[in-house]
Protein chains: 2
Amino acid sequence: MPEARPVVFVIDDDASLRRALERLLRTEGYAVEGFASAQAYLARAPYDGPGCLLLDLAMPGIDGLELQQRLTRDAASLPIVFLSGHANVPESVNAMKMGAVDFLTKPADDADLLAAVRAALLQRDTQLAARERLATLSAREREVMHLVVEGLRNKEIAARLGITEKTVKVHRARAMEKTGATSLPELVRLAAEDSPPSPPDRAQP
Amino acid sequence: MPEARPVVFVIDDDASLRRALERLLRTEGYAVEGFASAQAYLARAPYDGPGCLLLDLAMPGIDGLELQQRLTRDAASLPIVFLSGHANVPESVNAMKMGAVDFLTKPADDADLLAAVRAALLQRDTQLAARERLATLSAREREVMHLVVEGLRNKEIAARLGITEKTVKVHRARAMEKTGATSLPELVRLAAEDSPPSPPDRAQP
DNA sequence: TGGGCGATTGGCCCAAAGGCCAATAGCGCC
DNA sequence: GGCGCTATTGGCCTTTGGGCCAATCGCCCA
């Protein structure tokens, strides 16, 4: 575990603001990485530990909303807190519909900002806990798990996959064991936390 | 079924705007009820059919956000689409965090408005479908269902409730039958749609 | 007071899910 | 070639979950 401390990725073209945010966040015990543009962030080596994004809306090149869209496409993306100076209502609403954790306006109150970051990191923790447990599953185990969670009986899954019911039982048991789920309902909820690239349940524009 | 057509409740203190919205919505085939204030809406006989709210933010007396908070407290509330003239970003973000379906600004494009209403009604349909199926459950059946969904085995539920495992089986079977769930995972998802007074998963301010 | 409904329980039996031990086969790596 | 991991399958036995029929009891309503 080289990454015990959560990392806040600050993406804002205003250098002085970045520095100010870094100071604030560091004193709270977070690791911070600043980027002057979305491109710079995208160029960074992928990160999949605990953390979140603190993202400016208006930036030269790729703007905040566009970056959000790109990142949200894959499920492994970090929760995003927007921080913007001259945003309008439609932009902020869109960002929220796309799954942003919060949308703050500059100048933001330190307490609000830290609260939003905490909320984002909490969300990330939940995400990671689920993914971590699902990560050790083999492809076949994951496949069986999904069918189980859809409500198919072992017999049906076996037919669907062209294998024996016995084998299904084995994969199913391993999936339960590896994920640590102690009941079917628990597995159902865990699996739900899996694939969800789409934000909660709101309509997409 | 006296209420086949969905009802859009328009709450706005601007009478002429209300009339315009009514015209637009009626031509789309919706039933419309207009109110000049939140109080007027609250005074109306409770409605639990298909429908949604089209709500102005700034109004004398109880404002839109406050009404949303009151309504959101109970799970039976209708989905809300905000429509506001001079809203600022924090207000709109709060509304979204509280579970609003959308937040439009005046003057709103007809197409956007109708799209938002459609999304809200769709959400309502899902809500209703779940509640309708859960409505016929007796208190005991519902109680057992919740424990089942939490992952307890029949034997444990029996001990918890101080009754026989046999009885638990009966309640469980009835719950499945009444809700139409054909598998445990299905029941889990159905029950999740039940109690949720809290908006999806975002942080509450 | 009789009927209907929900809560409880029993008995019987069958189907589904899980646990344990063992064995074979294919693949990639040391 | 051998080791380790995953996929598959078999057999056997136990635990759970469900289905069917039947019976009591308490309560509320016509």
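Lettering follows sequence order; numbering is per chain, from 1. What you are looking at is a predicted structure, and each value in this text was computed from that prediction instead of being measured.
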Just N and O in the side chain of [X]: are any of them under 4.0 Å from OP1 or OP2 of [N]?
X	N	value
B:R172	D:dG18	yes
A:R174	D:dT6	no
A:N154	C:dA17	yes
B:T167	C:dT9	yes
A:R140	D:dT8	yes
A:K169	C:dG19	no
B:H171	C:dG6	no

Pair B:L83-B:D56, side-chain contact (heavy atoms from CB on, under 4.5 Å): steps then yes or no: CA-CA 5 Å; B:L83 178 59; B:D56 186 19; 5.6 Å; no

A:G162 vs A:K178, nearer the 5' end of DNA chain D by closest nucleotide: A:K178

B:L152 vs A:S138, nearer the 5' end of DNA chain D by closest nucleotide: A:S138

Using whole Å, what does the distance between atom [atom2] of nucleotide [N] and atom [atom1] of [X] come to?
X	N	atom1	atom2	result
A:L137	D:dC5	CG	P	16 Å
A:E141	D:dT6	CD	C1'	8 Å
B:I163	D:dC25	CD1	C1'	15 Å
B:E177	C:dG6	CD	P	11 Å
B:L161	C:dA7	CG	P	12 Å
A:K166	D:dT9	NZ	P	11 Å
A:E165	D:dT9	CD	P	12 Å
A:M145	C:dA17	CE	P	17 Å

Neighbour count above 12 (heavy atom, 6.0 Å) for A:R160 CZ: no

Neighbour count above 12 (heavy atom, 6.0 Å) for B:R133 CZ: yes

Cationic N near anionic O, under 4.0 Å, B:K106 to B:D12: yes

Salt bridge flag under 4.0 Å for residues B:E22 and B:R19: no

Toward the 5' end of DNA chain C, by each residue's nearest nucleotide, A:K155 or A:V170: A:K155

